[in-house]
Amino acid sequence: MYSNPSFNGMWQTIDKVPIDFIKVDKSLLSFANEVDTSQVLHMLVNFDQELWMPVLVDRNLFLLDGQHRLAVARQLCLKYIDVVVQTDGYTRP
């Protein structure tokens, strides 16, 4: 799991959030571009667990950044994914 203690209390890392709980609203994404299937394929073929970064979500589990990583996780049929979440009002599902 990614570890970064310099979030100044605004963000928290959470292990093993069910992928099905993560929602996508393109208006909330930091880059609202479409998922590039060739980029997802490249990430799958070159997957390196040591380089994997969690996706960023808000307190309601709406995706903020990491739509390609989320697509890769779904292609790998993962049930859970690590996330970095806004902490104000967040409760773990």
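Note that the numbering runs from 1 along the sequence shown for the chain.
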Derivation and outcome, side-chain contact (heavy atoms from CB on, under 4.5 Å), residues Leu29 and Lys26
CA-CA 5 Å; Leu29 293 171; Lys26 290 185 180 185; 4.2 Å; yes
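- The shortest distance between side-chain heavy atoms of Trp52 and Val72 falls below 4.5 Å.
- With Asp65 as reference, Arg69 is the one residue of His68, Gln67, Arg69 to meet the side chain to side chain donor-acceptor pair (under 3.5 Å) rule.
- Hydrophobic clustering (side-chain heavy atoms under 4.5 Å, transitive across Ile, Leu, Val, Met, Phe, Trp, Tyr) groups Phe21 together with Ile81.
- Within the 4.5 Å cutoff, the side chain of Asp25 has no heavy atoms near those of the Leu63 side chain.
- Note that the CE atom of Met43 and the CG atom of Leu76 stand 10.0 Å from one another [nearest 0.5 Å].
- Not a single salt bridge (charged side-chain N to carboxylate O under 4.0 Å, His left out) links Lys23 to another residue, sequence neighbours left out.
- In this structure, Val84 and Val57 have side chains that are not in contact, with every pair of non-hydrogen atoms separated by 4.5 Å or more.
- The distance from the CD1 atom of Ile19 to the NZ atom of Lys79 is 9.5 Å, given to the nearest 0.5 Å.
- Distance CG/Leu56 to CG/Leu28: 12.5 Å, rounded to 0.5 Å.
- The side-chain contact (heavy atoms from CB on, under 4.5 Å) test with Gln39 is passed by exactly one of Thr37, Asp36, Val35: Asp36.
- Residues Val17 and Leu61 are in side-chain contact: their nearest non-hydrogen atoms beyond the backbone lie under 4.5 Å apart.
- Placement of Phe47 and Leu41 in two distinct hydrophobic clusters is found when ILVMFWY residues are connected by side-chain heavy-atom separations under 4.5 Å, directly or transitively.
- With a 4.5 Å cut-off on side-chain heavy atoms, Val40 and His42 do not count as touching.
- Under the 3.5 Å distance criterion, the side-chain polar atoms of Asn60 are left unmatched by any main-chain donor or acceptor of Phe62.
- In terms of the side chain to side chain contact (heavy atoms under 4.5 Å, CB included) criterion, residue partners of Tyr80 (sequence neighbours excluded) are, by chain and number, Lys16, Pro18.
- In this structure the side chain of Asp82 never reaches within 4.5 angstrom of the side chain of Ile14, judged on heavy atoms.
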